[in-house]
Structure formats: structure tokens, C-alpha cells
Participant: 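Below is a structure I'd like to ask you about.
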Number of protein chains: 2
Amino acid sequence: MRSDAKKNYDLLLEIGREVVAEQGTEASLRDVARRAGVGIGTLYRHFPTREALLEAVLREGFDQVTVRAAELEKSGSADEALVSWLRDMVALTHRHRGLIASMTAAIADEDSALHASCVMLRGSGARLLARAQEKGRARRDIDGTDLLALVSALAWLNDQPSFAARVDHLLDVIANAVLAVPGRAEV
Amino acid sequence: MRSDAKKNYDLLLEIGREVVAEQGTEASLRDVARRAGVGIGTLYRHFPTREALLEAVLREGFDQVTVRAAELEKSGSADEALVSWLRDMVALTHRHRGLIASMTAAIADEDSALHASCVMLRGSGARLLARAQEKGRARRDIDGTDLLALVSALAWLNDQPSFAARVDHLLDVIANAVLAVPGRAEV
DNA sequence: ACCTGAACACCGTTCAAGT
DNA sequence: ACCTGAACACCGTTCAAGT
């Protein structure tokens with residue numbers, strides 16, 4: 001990459017971070033280019049799709065959760081680890097309005113620049129769930145996709161001003177549902 | 001209302017129904033006017049906001065669920081009634097893509113033409129929940145807003161192609177969580 | 001009283017022309 | 001190799017001018 005191009009790439013990423021933080025994942029791409037003082041075509045050259053820009057903006061956050069999840073897999077308590085992952089996912093998606101909708105769309109679209117990251121995250125959750133199930137700490141009739149659906153639903157609620165305040169409580173309710181197995185006491 | 005105006009109103013409502021069914025609640029209003037063969041200003045005259053059009057389109061559906069809920073309040077089993085209401089709400093919102101997002105926004109916006117309907121629906125659910133709680137059939141640490149949040153989350157999952165197939169199952173999981181009270185057997 | 005559609009201020013996306 | 005921005009095809013919304 002030519003050094004002037006590299007400069008534009010870095011600038012667009014920085015401004016992209018800013019604008020997505022303000023306006024969410026449906027932010028105006030024109031606005032990103034405008035604020036970066038760059039032609040709209042330059043933005044499209046470096047980030048051919050909205051998802052490509054989002055992927056670059058969210059790269060670090062995805063990686064952090066993935067690393068955390070790998071640690072959680074080795075932790076002592078399989079059920080606590082699972083609940084921690086739920087909280088991590090809700091916190092991650094809460095950083096940007098609309099992110100959970102973008103991620104949910106990306107799971108169904110193999111061509112999306114966000115697809116691989118979302119599949120990874122689903123895998124992390126699935127492993128934590130499987131471990132909890134093996135240890136008899138989680139109900140066995142749900143799988144990794146169900147778990148992702150539940151955490152996505154909570155993340156979506158977190159995006160809605162009328163429900164955001166309830167999410168902590170509802171996460172407990174849902175965590176209890178996932179962890180409820182016959183013979184286990186109510187938390 | 002003049003008879004020519006009445007004609008336009010009815011036509012716009014009919015076409016509105018059609019277009020919202022096809023494109024969801026974020027449908028192009030221009031497209032509605034175009035298909036109705038009417039100036040865009042005429043649409044805005046009869047339906048000053050998108051929500052006003054949606055309210056007219058959804059009026060019947062809202063009323064049906066409200067009537068059903070009133071019947072459910074008198075039914076024998078408080079917990080089964082509550083689960084039936086959850087299913088009714090998910091079915092109602094599933095009829096139009098984006099509807100749950102519109103309704104969730106309307107709950108927070110007193111000026112929305114959808115506000116009153118959404119508050120009514122929340123009230124129906126809250127009464128069914130309260131009854132189940134009084135009979136010791138539902139956990140006591142959630143209220144009507146929590147219940148609406150949970151059913152809205154399920155409705156949102158139903159709007160996502162990657163999760164829609166799981167919603168029946170996840171409704172069971174969540175219903176179990178709501179109905180789970182100490183001393184109650186797993187279903 | 002009601003209808004019309006141009007006008008305004010935005011989008012996303014592409015691509016010919018420039019450096 | 002890269003950048004630019006006009007061009008195209010859309011929006012939502014308002015409002016002066018017409019019937």
C-alpha cells in the first residue's frame with residue numbers, strides 16, 4: 001500500500017470509529033468521508049462495504065471477547081463462565097448502536113466481512129455451553145445457535161431505550177433458564 | 001370527510017396494507033403513494049406520520065389480541081393463559097417485518113400514533129402476569145414491562161432469518177423461566 | 001377542502017476523469 | 001496506484017399552486 005493510501009486508510013478508520021460510536025452501525029458513510037476530508041470514492045476503495053468498515057472498527061473488541069472466552073473455558077465453574085460470556089457479549093454489542101443487528105445479519109450472510117468474526121463468537125459460546133452441559137450445569141435442549149439467539153435478544157433489548165434498564169435483570173432471568181436443570185437449586 | 005377524500009383514504013389504507021406486508025414497517029411511503037396513483041402530499045394529508053399509517057393498518061390485529069387477552073384473563077389456567085398471550089404477541093408481530101421495532105419505539109414515544117395500542121397490549125400482558133403471580137404460578141421478580149421486553153425480544157428473533165426457526169423453542173425456554181417458581185416441576 | 005408534485009435535503013453506490 | 005466528485009437512483013417531508 002502506498003504511503004498516501006495508508007494515511008487515508010488510517011484516517012478513515014479513526015473517523016469511522018468516531019462516527020459509528022456516535023450514530024451506530026447505520027451511520028452515514030458519506031458523513032465518514034466528509035469528516036475525513038476525503039472523496040466518497042476513497043472510502044469505498046478502502047472499505048468496499050459497510051461491513052468491511054465495521055469489521056475494522058470492531059476487530060479489537062471481537063478479539064478481546066474471543067480471548068476472554070478462551071480463558072473462561074479453562075475456569076473452574078462451567079456455569080459461571082457461561083454467564084460471564086453472556087455478560088461479555090452484551091457489553092461488547094452495547095458499545096455500538098445497531099451492532100447486534102449487523103452481526104445477526106452477518107451470521108446469515110457468508111459473504112459479509114463480519115461473518116467470520118460472528119461465527120467465531122458463536123463458537124466460543126457453544127464451547128462454554130457444551131462444557132456446562134457435560135457437567136450437568138446447563139439444560140441440554142439448547143445449542144450454540146440458541147445461545148447466540150438468546151444473547152442477541154438481550155443485546156437488542158439493550159439497544160431499545162424503553163428496555164435497556166431491564167437488561168441486567170433479564171439477563172439473570174435468561175441465565176437462570178439456561179442453567180436450570182432438574183435438581184439444581186434456584187439462584 | 002368529502003367523498004373523494006374518503007376514497008383516497010380507503011385506497012391508501014388498502015395499498016398501505018399491501019406494501020407493509022411486502023416491505024415491512026420501514027416500507028417506502030413514496031411507493032405507497034405511487035402504487036395508489038396518488039400524490040405524495042395526499043398520503044401525508046391522510047396519514048401525517050408513518051406511525052399513523054401503521055396504526056390504521058394494524059388496528060384490527062391489535063384489537064384481536066386485546067380481546068383474546070381479555071378472554072384469557074377469565075380462563076382456568078393462569079400460567080397457560082400467560083403462555084398463550086406470549087404466543088399471540090409473537091404471532092401478531094410476525095405478520096409484519098419491523099413491527100416489533102416500531103412498537104418498541106412507540107412505547108417510549110407518547111406522541112406516536114402507535115403509543116396507545118402498545119400501552120394497551122402491555123397492560124393485557126401485565127394483568128395476565130399479575131394473575132399468574134397471585135396464583136403462585138409465575139416468578140414475582142418481573143413486571144409488565146419485563147414481560148413485554150421478553151416477548152419483544154422473541155418477536156425480534158422472529159424477524160431475523162438466522163434465528164426465526166428457533167423462536168418456538170426459545171419461547172418455551174423463556175416461558176419456563178417466567179413460570180419457574182420454587183416447588184414447580186420442570187415441563 | 002382537498003390534491004398535486006416540485007423542491008429541498010439527504011442517502012448508497014458507481015465510475016469516468018484526473019494526478 | 002490512487003483519489004475525486006459528478007451522476008444515478010433512490011429516500012422523507014414540506015408547501016405553494018392549483019381544482
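Heavy atoms only: backbone and side chains are in, while hydrogens, waters and symmetry mates are out. In the text below, chain A, chain B and the rest are named by the order of the sequence lines, each starting its count at 1.
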Participant: Within a reach of under 6.0 Å around NE2 of His94(B), are more than 12 heavy atoms found that belong to other residues, nucleotides or ligands?
Facilitator: no
Participant: For dG12(D), which nucleotide is its Watson-Crick or G-U wobble mate, given both distances must be under 3.5 Å?
Facilitator: dC8(C)
Participant: Could you tell me how far apart Arg2(A) (CZ) and dA1(D) (C1') are, to the nearest whole angstrom?
Facilitator: 5 Å
Participant: Measure from CD on Glu51(A) to P on dT13(C) and round the result to the nearest Å.
Facilitator: 9 Å
Participant: Is the distance from OP1 or OP2 of dC3(D) to the nearest side-chain N or O of His46(A) less than 4.0 Å?
Facilitator: yes
Participant: Any Lys/Arg nitrogen of Asp4(A) or Lys7(A) sitting under 4.0 Å from an Asp/Glu carboxylate oxygen of the other?
Facilitator: no
Participant: For dT19(C), which nucleotide is its Watson-Crick or G-U wobble mate, given both distances must be under 3.5 Å?
Facilitator: dA1(D)
Participant: What is the distance from NZ of Lys6(A) to P of dA1(D), rounded to the nearest Å?
Facilitator: 19 Å
Participant: Ion pair present between Arg17(A) and Glu22(A), side-chain N to carboxylate O less than 4.0 angstrom?
Facilitator: no
Participant: Do the non-hydrogen side-chain atoms of Val173(A) and Arg139(B) ever get within less than 4.5 Å of each other?
Facilitator: yes
Participant: So, Asp168(B) and Arg87(B), do they make that salt bridge, N to O below 4.0 Å?
Facilitator: no
Participant: Taking only side-chain N and O atoms of Arg45(A), does any of them lie within less than 4.0 angstrom of OP1 or OP2 on dC2(D)?
Facilitator: yes
Participant: Any carboxylate oxygen within less than 4.0 angstrom of a Lys/Arg side-chain nitrogen, looking at Arg97(B) and Asp159(B)?
Facilitator: no
Participant: Give a yes-or-no answer on whether the side chains of Ser124(A) and Thr66(A) include a donor-acceptor pair shorter than 3.5 Å.
Facilitator: no
Participant: What is the separation between atom CG on Leu43(B) and atom C1' on dT13(D), rounded to the nearest whole Å?
Facilitator: 11 Å
Participant: Please confirm whether the shortest side-chain N or O distance from Asn8(B) to OP1 or OP2 of dC2(C) is below 4.0 Å.
Facilitator: no
Participant: Name the residue closer to the 5' end of DNA chain C, choosing between Gly41(A) and Ala5(B) according to the nucleotide with the nearest heavy atom.
Facilitator: Ala5(B)
Participant: So which protein nitrogen or oxygen atoms get under 3.5 Å of nucleotides 10-12 of chain C's nitrogens or oxygens?
Facilitator:
from    : atom 1 : to       : atom 2 : distance (Å)
dC11(C) : OP1    : Ser28(A) : OG     : 3.4
dC11(C) : OP1    : Arg34(A) : NH2    : 3.3
dC11(C) : O5'    : Ser28(A) : OG     : 3.3
dG12(C) : OP1    : Leu29(A) : N      : 3.1
dG12(C) : OP1    : Arg50(A) : NH2    : 2.9
dG12(C) : OP2    : Leu29(A) : N      : 3.4
dG12(C) : OP2    : Arg30(A) : N      : 3.2
dG12(C) : N7     : Arg30(A) : NH1    : 2.4
dG12(C) : O6     : Arg30(A) : NH1    : 3.0

Participant: Which whole number of Å gives the distance between the C1' atom of dA16(C) and that of dC2(D)?
Facilitator: 14 Å
Participant: Leu53(B) has an atom CG; how far is it from atom P of dT13(D), in whole Å?
Facilitator: 12 Å
